[in-house]
Structures are given as structure tokens and as C-alpha cells.
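What's counted below: heavy atoms across the whole structure, side chains too, no hydrogens, waters or symmetry copies. Small disclaimer: the values here were computed from a predicted structure and weren't measured.
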Amino acid sequence: YLKNGGKLMSSIVTQNYALKGFGVSGTSGEVLNSNINNNLYLNKEIVVPGDILMNDGTIYTPNTTGALIFPAGYTVANVVGVCFWTNESNDFVNAKSLVIAINENSSITWAPTTTNNVDIPNLPNFGDPAAAISDKEGFTNTAKIVAHLGLLNNPALSSRYAARYCYEYGTAAGVWFLPALNQLVEIYRTLSIVNPVLSRLNALQSSIVPISTSGNYWSSSERADYGAWPFSFSSGSPTYNTGKTQTHRARAIRVISKT
């Protein structure tokens, strides 16, 4: 990486499979008269939408044409997610990104069928879509929903529901979560980047599925005791009048960061 004030001049950087890829970190740096191409990065400090997350925590940028090329020691079986958002500053030290899971539950309720009119304690209620779209707290929302409706293997609430499905996703509970409405909006904004990557992965492993543009996806954003906010990737907007025991899709997301 070129840190602040660094320069790369009259050089070629190509076919880089090193643990740390090439990039400029910080707010300044120069690349002059240099050719940089065909670099697949592992363990990138700076992550961008479309980058792939492996099950050991490493990140790499896939090649953009032809069949996917995996770095030595990795296959499609190692893939767990695809980045869809990164923080605006995206600096070397404080970079934080959001990753979407490679598969989903295609039909699940927001709450167990016996608890339709339940208001989750300390979970904000958003009465209109403009307010709901401001909600970015998927991780906190999910923790509150699961704490109230039942944790892992709770016999009193044994049925699966969207927040619990996302909370239990992966190899360790509590890492992945049901996105808040704003986070679903961010997925929609980068859908043209994320879905082609998921489609190319699907060609190698059928259990990996792109985001559907038909039907709705649950968010962790609550409307009231009687309803919550799903999101349509067809219209790019939230859906009204949805009771918590209606079934929609659910797709988990997680945070990755340097700190």
C-alpha cells in the first residue's frame, strides 16, 4: 500500500496474489506512469463492494471476466459472503464494511406465529417509510428481537423467525444479523455489483443464490406491535401493511473491520 505521500512511478503491478493487495490508503498518494492490472487481493485492508469474504476472514477481489479464479488454497466452498457497502472514508486504519450472506431463507416470518402483535422492548417503532429508511442498527435490532422472542433452542419459542435465522447463521451465533431497512437500501444501491458476483458463484455452487428481485426481504426495523418493514428489490422501496407473521425472504449480513 502507498500511505500518505507515497509514490509509485514507472512500474507494473500485475497478477498479484499476495496477502496484501495493491492500493492507496489515506488521503494522498501518487501513481505515475504505472500499469496496474489483473490483481486478486487477499486480506485487503481496503474493501469495496463486490469483494468476496472467505470463511477464514480473508478478502479478495475477484477477476471481472471469465470464470472466477480463486487464489491458491481457496475454492467456492470457502466463500461465505460478498461485500455490498464500505464506509465513506475507507481509510487504512478504520475501514469498516458490510457483507451479505451467500444464501437465504426464502420464506420466513418476522415473529413466531403465536406472537404476531408483539412490540419488542426498546426497539424503535418507525411509522412511515422515510423514518424507517434512516434505521442502520441491524446488529442491535437483531439482538433485541432475539433476546425478547427467544434465543437458540428455546423450547417456548421453537419456531424460526427472520431475526433468529440471521442471528444463528454461520458457524457462530451473533456474528450475522437481520439488516435494518437502511442496510437493505444499501444492498439495493449496489445490486448491480453484488448480484453478478453471486450469480458467478451460483454457477459453481447452486446453494449460493443472488438477491431476488421478486418478493420482499424482511428488515429488522419495526413499524409497530402489528407490523415490521420489508423491502422490495423490485421497486427499491419498503412495503406497507405487513404483519409480522406474513412470510418473506430473509438474508443475513455482517460487519468486517480492521479493529
>> Do T61 and D51 pair up side chain to side chain, a donor and an acceptor below 3.5 Å, judged on atom types alone?
In response: yes
> Looking just at side-chain N and O atoms, do D119 and Y226 make a donor-acceptor pair shorter than 3.5 Å?
Replying inline: no
> If you look only at pairs with a residue in residues 178-189, which of them pass as a side-chain hydrogen bond (donor to acceptor under 3.5 Å, both in side chains), with sequence neighbours excluded?
Replying inline: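 Applying side-chain hydrogen bond (donor to acceptor under 3.5 Å, both in side chains) to every pair that reaches into residues 178-189, excluding sequence neighbours, yields E186-R189.
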> Considering residues at least two apart in sequence or located in another chain, which fulfil the side-chain hydrogen bond (donor to acceptor under 3.5 Å, both in side chains) criterion with E222?
Replying inline: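 For E222 the side-chain hydrogen bond (donor to acceptor under 3.5 Å, both in side chains) partners, ignoring immediate neighbours, are N125, K244.
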> Who pairs with V79 by side-chain contact (heavy atoms from CB on, under 4.5 Å), at least two apart in sequence or on another chain?
Replying inline: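 I52, M54, F70, I102, L201.
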Please examine the side chains of [Y] and [X], heavy atoms only from C-beta on, and report whether any two atoms are closer than 4.5 Å.
| X | Y | value |
| --- | --- | --- |
| I187 | W85 | no |
| R249 | S107 | no |
| P49 | F84 | no |
| V47 | K96 | no |
| Y60 | P71 | yes |
| F126 | S134 | yes |
| V255 | S97 | no |
| V175 | Y167 | no |

Show the nearest heavy-atom pair for residues [X] and [Y], with the distance to one decimal.
| X | Y | answer |
| --- | --- | --- |
| F177 | G138 | CD1-C, 3.3 Å |
| T142 | A163 | CG2-O, 3.6 Å |
| N216 | H248 | O-CB, 3.4 Å |
| S220 | I145 | O-CD1, 3.9 Å |
| V209 | N103 | CG2-CA, 3.9 Å |
| W110 | L178 | NE1-CD2, 4.3 Å |

>> Tell me if the NZ atom of K136 is crowded by more than 12 foreign heavy atoms within 6.0 Å.
In response: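 Atom NZ in K136 is not packed in, count stays at 12 or less.
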> Got more than 12 heavy atoms from elsewhere within 6.0 Å of CZ, F139?
Replying inline: no
Looking at [Y], is its backbone amide N or carbonyl O close enough to the side chain of [X] to form a donor-acceptor pair, meaning the two atoms are under 3.5 Å apart?
| X | Y | answer |
| --- | --- | --- |
| R200 | G66 | yes |
| S219 | P179 | no |
| S232 | S235 | yes |
| N63 | A67 | yes |

Quick one: pull up [atom1] in [X] and [atom2] in [Y] and give me the separation to the nearest 0.5 Å.
| X | Y | atom1 | atom2 | answer |
| --- | --- | --- | --- | --- |
| L184 | I253 | CG | CD1 | 7.5 Å |
| E104 | I208 | CD | CD1 | 12.5 Å |
| D225 | I120 | CG | CD1 | 10.5 Å |
| N78 | T75 | CG | OG1 | 4.5 Å |
| I211 | S214 | CD1 | OG | 11.5 Å |
| Q246 | I108 | CD | CD1 | 14.5 Å |

> Hey, mind stepping through N141 and L123 against side-chain contact (heavy atoms from CB on, under 4.5 Å) and telling me if it holds?
Replying inline: CA-CA 7 Å; N141 293 350; L123 189 66; 3.3 Å; yes
> What do you reckon, are the aromatic ring centroids of F231 and F233 less than 6.0 Å apart?
Replying inline: yes
>> Quick check on the 6.0 Å ring-centre criterion: do W229 and Y240 meet it?
In response: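 Yes: the rings meet the under 6.0 Å criterion.
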>> Hydrophobic clustering (ILVMFWY, side-chain heavy atoms < 4.5 Å, transitive) - are L68 and V76 grouped together?
In response: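 They do share one cluster, since a chain of ILVMFWY contacts under 4.5 Å joins V76 to L68.
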> In the single-linkage hydrophobic clustering (I, L, V, M, F, W, Y; side-chain heavy atoms under 4.5 Å), do I193 and V185 co-cluster?
Replying inline: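 Different clusters: I193 never reaches V185 through Ile, Leu, Val, Met, Phe, Trp or Tyr contacts under 4.5 Å.
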>> T58 vs Y74, test: side chain to side chain donor-acceptor pair (under 3.5 Å). Steps then yes/no.
In response: CA-CA 10 Å; T58 58; Y74 294 90; 3.3 Å; yes
> When you look at I100 and R251, which way does the side-chain contact (heavy atoms from CB on, under 4.5 Å) test go after all the steps?
Replying inline: CA-CA 7 Å; I100 188 169; R251 177 84 68 134; 3.4 Å; yes
> Between I59 and C83, does a side-chain contact (heavy atoms from CB on, under 4.5 Å) hold up when you go through it step by step?
Replying inline: CA-CA 9 Å; I59 296 284; C83 174; over 6 Å; no
